[in-house]
Amino acid sequence: MKIDIQEHKGIKVFALSGEIDMSSSPVLRSELMGLVSRKVPVVFVDFKDVSYIDSSGIATFVEGLKAMMPYGGRLKLLGVPAKIMEIFNFSKLDKVFEIYGNVEDAFKG
Amino acid sequence: MKIDIQEHKGIKVFALSGEIDMSSSPVLRSELMGLVSRKVPVVFVDFKDVSYIDSSGIATFVEGLKAMMPYGGRLKLLGVPAKIMEIFNFSKLDKVFEIYGNVEDAFKG
Amino acid sequence: MRLPKDSAVITIPSQPKYLCVVREAAARMADMGGFDASAVEDIRLAVDEACSNVIKYAYGGDGGKRITVRFRNTVAGFEALIEDSGPRTDPACLKGRDLDEVRPGGLGIHFIRRTFDVVAFDERKRNGNRLRLLKYRDRGHEDRHTGT
Amino acid sequence: MRLPKDSAVITIPSQPKYLCVVREAAARMADMGGFDASAVEDIRLAVDEACSNVIKYAYGGDGGKRITVRFRNTVAGFEALIEDSGPRTDPACLKGRDLDEVRPGGLGIHFIRRTFDVVAFDERKRNGNRLRLLKYRDRGHEDRHTGT
Ligand SMILES: Nc1ncnc2c1ncn2[C@@H]1O[C@H](COP(=O)(O)OP(=O)(O)O)[C@@H](O)[C@H]1O
Ligand SMILES: Nc1ncnc2c1ncn2[C@@H]1O[C@H](COP(=O)(O)OP(=O)(O)O)[C@@H](O)[C@H]1O
């Protein structure tokens, strides 16, 4: 997994690529929780180049989302590949996360 | 490996994809030698979507080329990815095969 | 355990960084067994989750142990046997969370059961655990993709 | 052979269709060992060639045997041990063709030697063969990519 932290019109974008698994999700977790602890109001996560995610990766985003709720922060997922979307659907997390097609949709949404 | 046999302006094009190894090269060999036995004058092989080739795959093309020589047939390789080109160079086969960038170049060449 | 014909076996240290080797092998074996791309990805994930759980629960995070996975394509389907040398697991413990109760964790078992038709510990194993995962093959594939 | 710490081991039937499992594992292990993308591909190819040769020469095409490959990243570099149960191989036989003499075949050994710094049979193995392939690590990578 690679995390490329970008900015889009002032919003932090986590552009992820490769495989998110039990070995890489701790790295993702510490980056994400770093932003959350600073109460960053909006975080975008770009899944476009993610080839694989396991339950530890999903858990990381659930944890991030829960930690953002108390201060009204928003976590928006975008560019989620079909096979990964299927996992969110199956886990009933498609209704829990804000999921957008691309960065523009996420910006408007 | 997948072999998609196409035609470009009357020329047979082998569009290969995936991995060519000891398990798939016999399939490639029988397809290629099928054309050669019918003395097909020109054969293009498109490597664009080949992700891997081993020595058995290379041997198949050397065999095809040698079988075409007696009747003046031409075997043209195109779209060879950099990493595979490196293998042809190392094996001194870049000088033995006619190698082109794309189907248009191969057609003109 | 004797090695059945036409099976591949992988042993890795009980560390997360090696999981990619096992799940990739699972995917290759499932592909070889004639499963479609979507089923191959489901199998990749489910095998990974089962091995992750061995690291977390059977070994309590100890990276100095081993996990052995045996893959096989049979007439019935795709089989993965996941072996560890940890304390005996109570099968009743393998419970995912209620999917309506949103919290981190508790999804791995769901991913395993979603993909595999059989998820069961081999009672005959004396030391450690052997989890048997079996995914049945579609009837239509049987002739094309089995055996040598 | 005892399993050294931090090594992964794969056993496959001696059939070409299983080679993809081994070479993919080789690539994953080399990547994990910190080798760059180009070196990873070289290692994938070289390990595949060595296993292909076991099927062709050590086993004479018999698909009913086994090949075991042990992968390890050490301070020195990436190591693959390739084991078969065939008749003892005379190391002098491992000769590729003259690259100026164009004919099918005779490239596999060149691909192996191009990538690996050490290509040697383990003389201590009693039955069958154990080919040791070792690729040294660039000095600069040593600290970052070794051990657990
Ligand atoms: N190999 C195992 N050995 C012992 N307990 C296990 C094993 N696998 C799973 N479990 C139990 O099943 C529960 C659910 O597992 P899982 O769905 O993977 O979620 P998570 O690991 O995120 O809690 C775990 O919390 C654990 O108690
Ligand atoms: N594992 C092996 N056991 C015995 N002989 C081998 C083995 N590997 C290679 N050889 C010998 O080395 C020669 C060159 O091998 P290689 O370069 O792979 O080319 P090819 O297999 O196409 O002939 C082979 O022809 C064979 O005689």
Side-chain angles (χ1 to χ4, degrees), chain B residues 1-2 16-33 36-37 45 47 49-70 73-75 77 80-99, chain D residues 12-28 30 35-61 63 67 94-116:
Chain B
M1 182 201 64
K2 229 179 107 266
L16 306 178
S17 53
E19 304 187 326
I20 307 174
D21 71 351
M22 192 182 167
S23 120
S24 54
S25 57
V27 180
L28 175 65
R29 183 180 182 280
S30 85
E31 290 292 333
L32 187 63
M33 297 318 259
V36 170
S37 68
V45 183
F47 275 76
D49 297 322
V50 176
S51 55
Y52 178 79
I53 189 166
D54 77 349
S55 69
S56 72
I58 306 269
T60 303
F61 291 111
V62 172
E63 189 181 349
L65 183 72
K66 290 206 136 189
M68 290 176 87
M69 281 174 175
R74 291 176 74 181
L75 183 65
L77 313 186
V80 181
K83 195 66 199 168
I84 295 178
M85 196 60 216
E86 198 188 300
I87 294 174
F88 279 105
N89 293 342
F90 168 80
S91 313
K92 299 192 180 180
L93 290 169
D94 52 334
K95 284 164 191 74
V96 174
F97 286 103
E98 296 186 61
I99 302 180
Chain D
I12 56 160
S14 53
Q15 296 166 28
K17 66 177 177 178
Y18 293 97
L19 292 172
C20 67
V21 178
V22 172
R23 67 175 180 259
E24 190 62 42
R28 293 269 171 162
F35 289 89
D36 67 24
S38 177
V40 165
E41 291 313 308
D42 292 346
I43 287 171
R44 183 198 300 272
L45 177 61
V47 169
D48 190 21
E49 297 289 347
C51 294
S52 296
N53 282 347
V54 168
I55 295 176
K56 287 194 288 183
Y57 305 112
Y59 292 144
I67 305 173
L94 268 62
K95 274 228 177 76
R97 69 164 160 85
D98 179 342
L99 291 177
D100 291 313
E101 176 211 336
V102 178
R103 58 170 178 82
L107 291 176
I109 291 292
H110 286 294
F111 294 163
I112 296 168
R113 291 199 198 277
R114 177 180 76 130
T115 295
F116 285 102

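Throughout, protein chains are lettered first and strands after them, A, B, ... in sequence-line order, and every chain is numbered starting at 1.
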Legend entry - chain B neighbours within residues 45-52 of chain D, where any heavy atom lies under 4.5 Å away: Leu45(D), Asp48(D), Glu49(D), Ser52(D)
Legend entry - Option in Val62(B), Ile53(B), Ile58(B) with maximal non-hydrogen atom pairs under 4.5 Å from chain D: Val62(B)
Inset, instruction - Using the side chain to side chain donor-acceptor pair (under 3.5 Å) rule, collect all pairs that involve residues 57-68 of chain B, keeping only residues at least two apart or in two chains. - result: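 Sorted pair list: Arg29(B)-Glu63(B).
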Legend entry - Straight-line distance of Ser56(B) OG to Leu19(D) CG, nearest 0.5 Å: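 One gets 9.0 Å once the value is rounded to the nearest 0.5 Å.
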Inset, instruction - Would you confirm whether Lys83(B), through its side chain, and Ser38(D), through its main-chain N or O, come within 3.5 Å as a donor-acceptor pair? - result: yes
Legend entry - Residues of residues 87-94 of chain B contacting chain D, heavy-atom criterion under 4.5 Å, by residue number: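 Expected list: Ile87(B), Phe90(B), Ser91(B), Lys92(B), Leu93(B).
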Legend entry - chain B contact via Leu99(D) - which portion, at a heavy-atom distance below 4.5 Å: both
Legend entry - side chain to side chain contact (heavy atoms under 4.5 Å, CB included) assessment of Lys56(D) paired with Met22(B): CA-CA 10 Å; Lys56(D) 287 194 288 183; Met22(B) 192 182 167; 3.5 Å; yes
Inset, instruction - Could you tell me which non-hydrogen atom of Ala59(B) sits nearest to which non-hydrogen atom of Pro104(D), and how far apart they are? - result: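 Minimum heavy-atom contact is O-CB, 3.7 Å.
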Inset, instruction - Mind checking ring-ring contact (aromatic ring centres under 6.0 Å, His included) for Phe116(D) and listing every partner two or more places apart, or none if nothing turns up? - result: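 For Phe116(D) there are no ring-ring contact (aromatic ring centres under 6.0 Å, His included) partners, ignoring immediate neighbours.
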Inset, instruction - Run the numbers on Arg23(D) and Glu19(B) for side chain to side chain contact (heavy atoms under 4.5 Å, CB included), then give the verdict. - result: CA-CA 11 Å; Arg23(D) 67 175 180 259; Glu19(B) 304 187 326; 2.6 Å; yes
